[in-house]
Undergrad: 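Structure below; questions to follow.
We use all heavy atoms of the structure for the numbers below, so side chains are in, but hydrogens, waters and symmetry mates are not.
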Amino acid sequence: MSKSETSQALCAMPTSDEMTYVLRLADNAMILGQRLAEMCGHAPEMELDIALTNFSLDLIGQAALLYDCVLARENLAPNSDVLAMTREQSQYLSCLLVAQPNVDFAHIIVRHYMFVTFQKRQYEALLSSKDKQLAAIAEKALKEIAYQIRFSKAWVLRLGDGTDESHERMVEAVDCLWRYSGELFDKDDVLCSVIGSGLTADFTNGYQNWQDEVSDVFAEATLNIPSDTHMLMGGYLGKQEDHLGHILVDMQYMQLKYPNLEW
Amino acid sequence: MSSDNWHLYEVFMRSKNGLAHKHAGSVHAQDAETAIQSARDLYTRRGEASSLWIVKSNDIIASDPSKSDELFDPADDKIYRHASFYTVPDGVKNM
Amino acid sequence: MYSTDLRTDAEKKSAGEALRSVEDAAFLAAFQKRIDDGAIIEPKDDMPEKYRKTLTRQISQHAHSEIIGMLPEGNWVTRAPSLKRKMILLAKIQDEAGHGLYLYSAAETLGTKRDDMVADLLSGKAKYSTIFTYPTPSWADMGTVGWLVDGAAITNQIPLCRCSYGPYARAMVRVCKEESFHQRQGYEVVTVLARGTAEQKKMAQESLDRIWWPSLMMFGPSDAGQVSQNMKWKIKRHSNDELRQRFIDATVPQAEILGLKIPDPDLKWNEERGSYDIGEINWDEFWGVIKGGGTCGKMRIRDRKTAHKDGEWVRAAAAAYAEKQERKHSAIAAE
């Protein structure tokens, strides 16, 4: 058996739209958590090291609950580690934004602020879910998200309106990352289906409100939202960019090299 | 970057309502918001606090240890300020 | 160990010569009497210059060790084999960052700024524990580091909770409280491997082989029978050899329970002493690591320098922003 056949055999993909959607939520949290974990020991200041790894812990904790939630409904893998760490790249359903690299602290902050302000709306829409377990996960996560918004917003302001250098870095980061915002609120077939089934409320009608909030904060930070951006999408469908592959090399290393073991 | 902009703050925390704030340690920060965030990350990772007070270290007015004798020793022999100084007859209760 | 004086003899001598302030014998005797009477020294109290310098060096070296110590484990965070292990490892490394910060704060109460201490680390002037110059090439090292390295650290740190300098002792109380989980989680990682497949067991044994001797070196050079100034001042309460023996006696049975073999052919129980005898520690290797940085020393400092440099513009921006905000507020107040 070749390596790829081995790894495919470890884990299946969801058949229902509902679990496809929950897997998206889980992968978003997992991949961003993994990205932030890369900063461990390397953040620009010791205090920020603890802050970033705290967010990583919040996110990986959310992912673990969501993977378990998927597994309780569809028997895709023997446990959440296998589900999280053994799939083919095209089977990861995270949005493109979360895999964007830690270019510098400006990129980390802009990526984080964009993501958590979106995640707040996405998770609020789960509070009324017909799936009580999912609603409970969202409720718990929303407290973590509220703090992460407070933190990342404060740093957007500080870096945007700090020095010339920090301002330039923030302009570059916003210019680079804004193109991934469209995917966050894209109402595709899977999302339509799970809104219809009552798994989640429709948060996409909050897109304008999100843009207003973010652009207000950016304006206070003397930053502009780029106009006429061609939005990049596809992550939710497994059409991933190169970045994710590099994340997976590390993240999957142990599970693929030593399959089916306890750690 | 000059370290002069990097203030030292003292952190006091209340573990739960009903108790007083207690000194936990210090943090470095540029402003009040970062001080609160750093103190939260540094001193409350295991749920140790329900409330934080942050004070700039420079704003603390401390007594001079070399003046401790004159400040505090005079209180040492005023034993009549303590309830245990007084005797009450046997059988007297609730006093 | 973190608090062992790792300076070479030449460095110690020149530091001694630099100590110009001549303190009269009466002051030193009075200070010693305070210590002997069990007094705890607080930041603003009078203290001999040498006491201040020794503590600053020891506490900052301890802080540096915590911060450098994040790197060998950080090396495995992104590759941790399960979600649970990943989260535990992250939380543990956070604690190390936290401990570094508590300790820098404690050292700052003696009058040296954290920036200056960090500059000394990055320039190579300040030392950190030799253990963190060793590589962690396998997942099993995440277990043995917790079990042995944190185990050795706790052995050393528990007596420091009664150190004569208040802020250091208080920081140590907090550190010890948090660190009890570090050793246990490490031992748990090794336990799972030791009870796992042949491949996993081999992984655990190889890691023990790698880390056993360096963990014994953490306690510093042999000093049996010496009563140092640090002990008189109650900065240090036990000799290196005494603490090392305590660690060995506690650890050997822990390895036996797991069926792992301590890599020392001379290790045997000494009935008379009620302790284990061990083979010769390779002190040439120890001093070689201190002088040349060992396998990973260069990389560790390079990583910290990069992080520090990457942080320069961030700190500058935060300072500039804070200043702008302050100006804004005072302008509003003036209106």
Undergrad: If you count heavy atoms of other groups shown closer than 6.0 angstrom to CG of A:Asp164, is the number above 12?
TA: no
Undergrad: Decide yes or no for C:Arg85 and A:Asp81: does some side-chain heavy atom of the first lie under 4.5 Å from some side-chain heavy atom of the second?
TA: no
Undergrad: Heavy-atom cut-off 4.5 Å, strictly under: side chain, backbone, both or neither for A:Tyr253 against chain C?
TA: side chain
Undergrad: Begin from the C-alpha positions of A:Met254 and C:Trp76 and carry the test side-chain contact (heavy atoms from CB on, under 4.5 Å) through to its verdict.
TA: CA-CA 10 Å; A:Met254 292 294 286; C:Trp76 273 95; 3.9 Å; yes
Undergrad: Working to the nearest 0.5 angstrom, can you tell me the gap between A:Glu47 CD and C:Leu101 CG?
TA: 5.0 Å
Undergrad: Are the side chains of C:Lys86 and A:Gln34 in touch, meaning some heavy atoms are under 4.5 Å apart?
TA: yes
Undergrad: Roughly how far, to the nearest 0.5 Å, is CG of C:Leu89 from CG of A:Leu57?
TA: 10.0 Å
Undergrad: side-chain contact (heavy atoms from CB on, under 4.5 Å) for C:Gln94 and A:Asp49? Distances and angles first, verdict last.
TA: CA-CA 8 Å; C:Gln94 283 189 315; A:Asp49 216 296; over 6 Å; no
Undergrad: Check the surroundings of atom NZ in A:Lys153: do more than 12 heavy atoms from other residues, nucleotides or ligands lie under 6.0 Å from it?
TA: no
Undergrad: Can you name the closest pair of heavy atoms from C:Leu90 and A:Ser56 and give their distance?
TA: CD1-OG, 3.4 Å
Undergrad: Please state whether the side chain, the backbone, both or neither of A:Ala64 comes within less than 4.5 Å of a heavy atom of chain C.
TA: both
Undergrad: Counting only non-hydrogen atoms closer than 4.5 Å, does C:Arg195 touch chain A with its backbone (N, CA, C, O), its side chain (CB onward), both, or neither?
TA: neither
Undergrad: Apply side-chain contact (heavy atoms from CB on, under 4.5 Å) to residues C:Val314 and A:Leu48 and explain how you reach the verdict.
TA: CA-CA 10 Å; C:Val314 178; A:Leu48 295 175; 4.1 Å; yes
Undergrad: Please state whether the side chain, the backbone, both or neither of C:Ser82 comes within less than 4.5 Å of a heavy atom of chain A.
TA: both
Undergrad: Heavy-atom pairs under 4.5 Å with chain A: which of C:Arg304, C:His308, C:Gln200, C:Lys309 has the most?
TA: C:Gln200
Undergrad: What part of C:Ile67 lies closer than 4.5 angstrom to a heavy atom of chain A: side chain, backbone, both or neither?
TA: side chain
Undergrad: Within a reach of under 6.0 Å around CG of A:Asp242, are more than 12 heavy atoms found that belong to other residues, nucleotides or ligands?
TA: no
Undergrad: Looking only at heavy atoms and a cut-off of under 4.5 Å, which of A:Gln252, A:Met85, A:Met251 has the most pairs with chain C?
TA: A:Met85
Undergrad: Does any N or O in the side chain of C:Arg315 come within less than 3.5 Å of the main-chain N or O of A:Pro44, such that one atom is a donor and the other an acceptor?
TA: yes
Undergrad: With side-chain contact (heavy atoms from CB on, under 4.5 Å) as the criterion, how do C:Tyr321 and A:Leu159 come out once you've worked through the C-alpha distance, each side chain's angles and the decisive distance to 0.1 Å?
TA: CA-CA 8 Å; C:Tyr321 180 77; A:Leu159 298 179; over 6 Å; no
Undergrad: Write down the atom of A:Gly162, the atom of C:Ala320, and the distance for their closest heavy-atom approach.
TA: O-CB, 3.8 Å
Undergrad: I'd like to verify something: which residue of C:Met87, C:Met70, C:Lys84 has the highest number of heavy-atom pairs under 4.5 Å with chain A?
TA: C:Met87
Undergrad: Any idea which of A:His167, A:Arg158, A:Glu262 has the most non-hydrogen atom pairs under 4.5 angstrom with chain C?
TA: A:Arg158
Undergrad: Less than 4.5 Å apart, side chain to side chain, heavy atoms only: is that true for C:Leu83 and A:Ile60?
TA: yes
Undergrad: Does C:Arg114 come within less than 4.0 Å of A:Glu45, counting only side-chain N to carboxylate O?
TA: yes
Undergrad: What part of C:Ala322 gets within 4.5 angstrom of chain A, counting heavy atoms only: side chain, backbone, both, or neither?
TA: neither
Undergrad: If you tally heavy-atom pairs under 4.5 Å against chain C, which of A:Asn79, A:Asp104, A:Thr53, A:Asp161 wins?
TA: A:Asp161
Undergrad: Pairing donors with acceptors under 3.5 angstrom, does anything connect the side chains of C:Thr78 and A:Glu38?
TA: no
Undergrad: What part of C:Glu96 is in contact with chain A, defined as an atom under 4.5 angstrom from a non-hydrogen atom: side chain, backbone, both or neither?
TA: neither
Undergrad: If you count heavy-atom pairs under 4.5 Å between each of A:Asn54, A:Val82, A:Val249 and chain C, which one has the most?
TA: A:Asn54
Undergrad: Restricting to non-hydrogen atoms, name the atom on C:Leu71 and the atom on A:Gly41 that form the minimum distance, rounded to 0.1 Å.
TA: CD2-O, 3.7 Å
Undergrad: Given the options A:His42, A:Arg169, A:Met46, which has more heavy-atom pairs under 4.5 Å with chain C than any of the others?
TA: A:Arg169
Undergrad: Under a 4.5 Å heavy-atom cut-off, does chain A meet the side chain of C:Met203, its backbone, both or neither?
TA: side chain
Undergrad: Is C:Glu73 close to chain A through its backbone or its side chain, or both, or neither, when contacts mean heavy atoms under 4.5 Å?
TA: neither
Undergrad: Provide the closest heavy-atom pair for A:Ala106 versus C:Trp313 in the form atom of the first, atom of the second, distance.
TA: N-CH2, 3.6 Å
Undergrad: Might you point out which heavy atoms bring C:Val77 and A:Ala37 nearest each other, and give the distance in Å?
TA: CG1-CB, 3.5 Å
Undergrad: Among A:Met39, A:Gln255, A:Glu165, which residue has the highest count of heavy-atom pairs closer than 4.5 Å to chain C?
TA: A:Glu165
Undergrad: For chain A, which of C:Glu188, C:Gln325, C:Lys324 has the most heavy-atom pairs under 4.5 Å?
TA: C:Lys324
Undergrad: A quick test of your reading: do over 12 heavy atoms of other residues, nucleotides or ligands sit less than 6.0 Å from CD of C:Glu326?
TA: no
